Structure formats: structure tokens, C-alpha cells
2 protein chains.
Amino acid sequence: MARAATTLDPFNAIAEPKRRKVLETLAGGEQPVNDLVECLGWSQPVVSKHLAVLKEVGLVSMRQHGRQRFYRLNGEALKPVHDWVKTFERFWTTHLDGIKTRAERKQREQRSNTSVP
Amino acid sequence: MARAATTLDPFNAIAEPKRRKVLETLAGGEQPVNDLVECLGWSQPVVSKHLAVLKEVGLVSMRQHGRQRFYRLNGEALKPVHDWVKTFERFWTTHLDGIKTRAERKQREQRSNTSVP
DNA sequence: ATAATATATGCCGTTACAGGAATGTGTCAA
DNA sequence: TTGACACATTCCTGTAACGGCATATATTAT
């Protein structure tokens with residue numbers, strides 16, 4: 001068989017750095033395509049194509065006014081990604097706060113104090 | 001240009017559903033490849049290849065014991081993804097806790113209080 | 001040394017997909 | 001209507017991801 005089916009989910013959408021950049025830009029508020037083109041410094045078709053992908057996945061929505069099309073971020077579509085990654089949170093938080101580690105060391109010290117006086 | 005390499009960063013690595021499944025499985029503890037093969041139901045080369053990608057990005061580490069190779073999850077490598085997605089958290093939490101909605105209603109009430117006494 | 005086991009790797013075919021260039025579509029202005 | 005503007009879409013090309021299959025490599029067992 002060939003490649004796996006193109007499951008167009010948010011995970012795939014944000015795998016592309018440029019699409020993440022688009023989302024970051026739109027986090028500041030809705031913008032017409034041309035503003036994005038100027039702000040990001042890419043060609044207009046490139047911007048439009050990435051916007052099309054983001055819209056398909058539901059990460060952005062579009063509102064037309066005259067000949068301009070305003071794209072707006074729909075951050076809620078990132079929740080599945082957030083929820084998935086969050087299930088792994090314990091793998092770095094336990095290292096950062098060090099509470100558990102310190103507590104355990106204390107316990108070890110206390111045990112050695114009592115057993116080896 | 002082609003697509004970005006999957007071994008480039010965790011974002012690309014977890015874009016593949018099968019690789020996410022591998023990480024979920026390894027969250028329960030380290031496992032040799034054959035156990036993963038049986039548990040996941042894929043061919044051995046497929047499992048090995050995905051493990052190779054995950055290892056390149058640093059999402060898993062490997063320990064050899066005899067002829068078995070135990071793969072262990074390194075969840076910390078997911079932190080960049082978590083941190084990035086977290087910056088968009090307000091886009092769905094504000095709807096859930098209703099902070100924004102309540103604040104806006106308050107503003108409307110105050111406006112109507114002053115303008116329409 | 002030979003066989004069996006555990007895993008990695010190389011090759012191949014198919015398909016995805018990013019970017020460039022050109023063109024299509026729809027809307028406003030004169 | 002004609003032209004300018006804003007944007008989408010199509011065609012093309014190069015690169016590489018995925019999976020299957022076969023094979024290589026390394027370790028243990030006999």
C-alpha cells in the first residue's frame with residue numbers, strides 16, 4: 001500500500017511551521033489576506049493555500065466584505081491537540097517543580113538516619 | 001518544495017496517527033519492539049520505522065538488553081507542542097468558564113444604566 | 001559453527017504535499 | 001463596459017513520507 005490516508009486533522013495542520021505562523025498572526029484578530037501576505041512576507045497563493053487548509057480543518061473561519069476576505073482564528077479547533085498533549089504533562093511537570101523528588105530524597109535521608117545511626 | 005521532514009520537530013512527528021498511538025502505548029511503561037508489534041497489530045518493520053522517527057526527534061529513548069530493545073517514552077520532548085498550544089487556551093476556556101461572557105454582560109448593563117436611566 | 005530470535009534497514013511503488021507561475025473568479029470603481 | 005483589485009485555483013515539479021517485502025545485523029541458544 002501507499003501512504004496513509006490524508007487525515008486532515010489539526011495535528012497535520014499545525015505540523016507545517018508556516019501554518020502555525022498564520023495562526024499566531026490571526027491570534028491578534030481577524031485579517032484580510034493581503035494584510036497577511038504583507039505581514040508574513042510570502043506569496044499570495046502560498047498564503048491562500050495555507051488558509052484553505054486551515055479552514056478545512058476548522059482552525060479558521062472566513063467572512064467576506066466587498067472583495068476582501070477576512071480570516072479569523074478559531075482556536076477551539078486546537079483543543080483536541082491540547083487535550084492529547086496534556087495527557088503527557090506529568091512527564092515534565094514532575095521534573096520541573098521537583099516537589100516529588102525532594103520529598104522522596106527527604107524520606108530516604110530519614111530512613112538512613114534511623115537505620116544507620 | 002516538498003513536505004517538511006517528520007524528523008524535524010515533535011510537531012511533525014506527532015502528525016502521524018500511528019506515532020501518536022505508539023507514544024500512548026509507551027506511556028504505560030517501556031516495552032520491547034515485539035510487544036509493541038503484538039499490541040498494536042502492525043508489521044514489525046512499520047513499528048521499527050516509526051520508532052526510529054520518534055527516537056530521532058527525541059520523543060523516545062532506547063535501552064538494549066540482550067537481543068531485545070526496550071523503548072521508553074520521553075514525554076518532555078512534547079513540551080514545545082504543549083507550550084505552543086497553550087498560548088491558544090483562552091480561545092476555548094473563556095467559553096467554558098464564561099468569564100468573558102459575564103464581563104461583557106456587565107459592560108452592557110453598565111452602558112444601559114448610564115445611557116438609559 | 002549453526003540455527004533461531006529480535007530488530008533494523010534498504011529498495012520499491014504509490015501518493016502527499018509545498019511552492020512557483022499562470023490563470024480563473026468575483027467585486028468594486030469610473 | 002472596462003479595468004483594477006482581492007483572492008482562489010489549477011497545473012506543474014521536486015521531494016519525501018508510508019507500507020510491503022526482502023534482507024542485513026546482532027545476540028542468544030544448541
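If you're wondering where the values come from, they're calculated on a predicted model, not measured in any experiment. Letters go in sequence order (proteins before strands), and every chain restarts at 1.
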Legend entry - Listed nucleotide nearest any side-chain atom of B:Pro45, set C:dT9, C:dA6, D:dC5: C:dT9
Legend entry - Under-4.0 Å side-chain N/O to phosphate OP1/OP2 contact, A:His50 with C:dG19: yes
Legend entry - A:Glu89 side chain to B:His82 side chain, donor-acceptor N/O pair below 3.5 angstrom: yes
Inset, instruction - Could you tell me the separation between the CG atom of B:Leu54 and the P atom of C:dA8, rounded to a whole number of Å? - result: 12 Å
Inset, instruction - Mark yes or no for a side-chain to base donor-acceptor pair under 3.5 Å between B:Arg69 and C:dT7, with no hydrogen or angle criteria applied. - result: no
Legend entry - Residue-phosphate contact under 4.0 Å: A:Ser48 side-chain N/O, D:dC7 OP1/OP2: no
Legend entry - Under 4.0 angstrom between B:Asn34 side-chain N/O and C:dT5 OP1 or OP2: no
Inset, instruction - Would you kindly give the CG-to-P distance between B:Leu36 and C:dA8, to the nearest whole Å? - result: 10 Å
Legend entry - Phosphate contact (D:dA6 OP1 or OP2) by A:Tyr71 side-chain N/O below 4.0 Å: no
Inset, instruction - Go through the N and O atoms of the side chain of A:Gln44 and the base of D:dA8, and report whether any donor-acceptor pair is under 3.5 Å. - result: yes
Legend entry - Interatomic distance, A:Gln64 CD vs D:dC5 P [rounded to whole Å]: 18 Å
Inset, instruction - Measure the shortest side-chain to side-chain distance between B:Trp42 and B:Val37 over non-hydrogen atoms and say whether it is less than 4.5 angstrom. - result: no
Legend entry - Residue mapping more 5' on DNA chain D - nearest nucleotide basis, A:Gln68 or A:Ala52: A:Gln68
Legend entry - Charged N-O contact under 4.0 Å between A:Lys79 and A:Glu76: no
Legend entry - Selection from C:dT7, C:dG26, D:dG20 that lies nearest to any side-chain heavy atom of B:Val46: D:dG20
Legend entry - Atom-to-atom span, CZ of B:Phe70 to P of D:dA26 - whole angstrom: 20 Å
Legend entry - Side-chain donor or acceptor of B:Asn74 paired with backbone N/O of B:Gly58 under 3.5 Å: yes
Legend entry - Aromatic contact, A:Trp92 with A:Phe88 (centres under 6.0 Å): no
Inset, instruction - Please state how far atom CE in B:Met62 lies from atom P in C:dT7, giving the value in whole angstrom units. - result: 10 Å
Legend entry - Whole-Å distance separating the CG atom of B:Leu51 from the P atom of D:dG19: 12 Å
Legend entry - Residue-phosphate contact under 4.0 Å: B:Lys49 side-chain N/O, C:dG10 OP1/OP2: no
Legend entry - Protein-nucleotide distance (A:Arg19, atom CZ; C:dC17, atom P), rounded to Å: 8 Å
Inset, instruction - In whole angstrom, give the distance that lies between atom CG of A:Leu40 and atom C1' of C:dG19. - result: 15 Å
